[in-house]
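Have a look at the structure below, then the notes.
The figures here come from the full heavy-atom set of this structure, side chains too, leaving out hydrogens, waters and symmetry mates. The first residue in the sequence is number 1, and the count goes up from there.
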Amino acid sequence: MIKFSEMQYSRPNLDEVKKEIAALTASFAAAATYEEARAIFLKMEEVSAHVETMGTLCYVRNSINTKDPFYEEEQNFWNVAQPELQNDLQNWTLAMLASPFRAEFAAEYGDLMFRNAEIALKTFSPEIIAELQQENELTQAYSKLIASAQIPFEDGVYTLSQLSPFKNDPDDARRLAAWKAEGQWYKDHQAELDEIYDKLVKLRDTMGKKLGYEGYTTLGYYRMGRNCYGKEDVEKFRAAVQKYLVPVADAIYRAQAERLGKSYPMSFADNALQFRSGNPRPAGDADAILAAGKKFYDELSPETSAFFRTMLDGELMDVLSTEGKAGGGYCTGIPDYKVPFIFANFNGTQHDVEVVTHEAGHAFACWMNVDRVPTSTVWPSMEACEVHSMSMEFLAWPWAKEFFGDDTRKFYYSHLSGALTFIPYGTMVDHFQHEVYAKPDMTPAERHAVWRELLGVYMPWMKLDGEIPFYAEGEGWQRQSHIYASPFYYIDYCLAQTVALQIWAMQEKDAADAWAHYMAYTKQGGSRVFTELLENAGLTTPFEESCLRTVCETAENWLKAFDLGGIV
């Protein structure tokens, strides 16, 4: 197979691509038979896949080294090119929707592509091309700023990712110093962060209004491809989180304060330490984690074994944290080669293992569905994708000893409690964005005040006393890249985590049954909307209040019964 390093990148000739799309669109509209239209449709799939492949190769290689001048310049090209191509692709979409052979296409490929096409039409007009290009430039500027961080700490200088292990250090003074050092870096760059976000909010508000909406929120939902729920459903979910989950999470942190000998509420630095002896850590280095991942996937199923061997053999994972590397992690697909790719930043923490499970959960779902036509149905919508990844984290529990050794019991408690405490945070991120885009003219100081107020609602266990720069002043939202680059994305993690907790509860009773539900869900790819994918796999939608109530009760009872004896 072709390895990632061997995949050839070349900048497409934008004018030639536009001409080809225009010619295919004209031929498609003039097609006399379904067979003729279908052949043109498949050719368009091929053209689109190639353009997407080149854009993805550029994006990944730019992420791996934001200091590489070649790929920085190429990313600048794509920042301009992708919005321009949207105009040509919209003409194709209009031709598809107007096709006299729509029924035949739906019969062979499903109707969802038409449903999603109708939503996509609501997200674009040629008059917002300039704003889309500016948006790309601003999100790239944010990513580059975060990647540039060089934080002096003790006797070294660290990137944000490399500093993370110190933020979990069992030594109180050292851990607090790390949080202060990181917070100070953000504080030193707050003017830039404020300026970038202020421009993004106003740009997005302008785009929404140019397209005839009240502002950005409606456009944001369409851009997320939400095809089976709306703002009201999310508001109901947020209310259920406040009702059922915040009290559970609050109890978790009260118990943590007692274990640590701290007063409640605790500082951001103390909340980061779950056990006095330290948080669970991987038993080995990066190579050992990948080896444990191989054992896990080899033993889980024949499908996962073949998948992970493909990832290793194809060098389809870049996981080490290096200078100049963009922050965070993600999984993407490379259509021409029909493979996924995982980007991450290992830093010696529990997070490293979760990359091998979480991001590989995305990659496995892509790998299972890579031959789907149209290619738009390889992946479902975002919240549906996150079910693949968050559930895979729990499916790895029987192999936890391979990853964590003596810290396995710590990991079980940490992972489940972390899943529960994450949902209030993620829901707060979503609530914050709704407030921001409802009032786009807020000043940076007013936005910080909103975040601080929401911390009191969703995360009352955080002490806001100003001890730690940036975080304790209610400004920590600026470290969450999704708020800048992918507005309204974050609730998807919360919806998916709720479903993943169902998979966890099933696994506690019967691992084979849990895997069967997971595969029934995953094999559907993006062929159905989120709620239908769940229904077809025998899972409950998180929009039913009973769903969150039930998983909270089950998980809370498990945590209360879990024996922490001998763990300090």
Would you please say whether a donor-acceptor pair under 3.5 Å links the side chains of [X] and [Y]?
| X | Y | result |
| --- | --- | --- |
| Glu72 | Asn62 | no |
| Glu137 | Gln133 | no |
| Gln190 | Glu475 | yes |
| Ser381 | Glu383 | yes |
| Gln478 | Asp194 | yes |
| Arg479 | Tyr484 | no |

Is the shortest side-chain heavy-atom distance between Leu420 and Ile252 below 4.5 Å? yes

Could you please spell out the steps behind the salt bridge (charged side-chain N to carboxylate O under 4.0 Å, His left out) verdict for Lys187 and Glu473? CA-CA 10 Å; Lys187 201 73 181 168; Glu473 297 164 7; 2.6 Å; yes

Count the heavy atoms belonging to other residues, nucleotides or ligands that lie under 6.0 Å from CD of Glu154, then report whether that count exceeds 12.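 Atom CD in Glu154 is packed in, count exceeds 12.
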
Tell me, yes or no, whether the heavy-atom count around Lys3 atom NZ, taken from other residues, nucleotides or ligands under 6.0 Å, exceeds 12. no

Distance under 6.0 Å and angle within 45° of the ring axis: does Arg175 meet both against Phe166?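 The answer is no; the distance or angle limit is not met.
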
Does Phe4 have Arg61 sitting over its ring (NZ/CZ under 6.0 Å from centre, angle to axis within 45°)? yes

Measure from the ring center of His362 to the ring center of Tyr330 and say whether it is less than 6.0 Å. no

Is the side chain of Asn279 donor-acceptor paired with the backbone N or O of Gln274 at a distance under 3.5 Å, no angle test? yes

Where does the angle between the aromatic ring planes of [X] and [Y] fall among parallel (under 30°), tilted (30 to 60°) and perpendicular (over 60°)?
| X | Y | answer |
| --- | --- | --- |
| Tyr493 | His358 | tilted |
| Phe562 | Tyr412 | perpendicular |
| His448 | Trp477 | tilted |
| Phe411 | Phe404 | parallel |
| Tyr425 | Trp451 | perpendicular |
| Tyr471 | Phe268 | tilted |
| Tyr197 | Tyr437 | perpendicular |

When rounded to the nearest 0.5 angstrom, what is the spacing between CG in Asn347 and CG in Leu160? 11.0 Å

Residue pair [X] / [Y]: nearest heavy atoms and the distance that separates them:
| X | Y | result |
| --- | --- | --- |
| Asn369 | Val378 | O-CG2, 3.5 Å |
| Ser143 | Ala326 | OG-CB, 4.0 Å |
| Gln8 | Tyr337 | N-OH, 3.6 Å |

Apply salt bridge (charged side-chain N to carboxylate O under 4.0 Å, His left out) to residues Asp298 and Lys295 and explain how you reach the verdict. CA-CA 5 Å; Asp298 276 345; Lys295 179 177 173 61; over 6 Å; no

Under the criterion ring pair (Phe, Tyr, Trp, His ring centres under 6.0 Å), I'd like the reasoning laid out for Tyr253 against Tyr264: C-alpha separation, chi angles, the key distance, then a yes or no. CA-CA 8 Å; Tyr253 280 107; Tyr264 175 95; 8.2 Å; no

Lys463: what forms a salt bridge (Lys or Arg N to Asp or Glu O under 4.0 Å) with it, not counting sequence neighbours? Asp465

Which residues satisfy the side-chain contact (heavy atoms from CB on, under 4.5 Å) test with Lys338, sequence neighbours excluded?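 For Lys338, the residues satisfying side-chain contact (heavy atoms from CB on, under 4.5 Å) (neighbours in sequence not counted) are Val370, Asp371.
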
Show your working on salt bridge (charged side-chain N to carboxylate O under 4.0 Å, His left out) between Arg276 and Glu258 and close with a plain yes or no. CA-CA 10 Å; Arg276 175 47 65 193; Glu258 188 174 341; over 6 Å; no

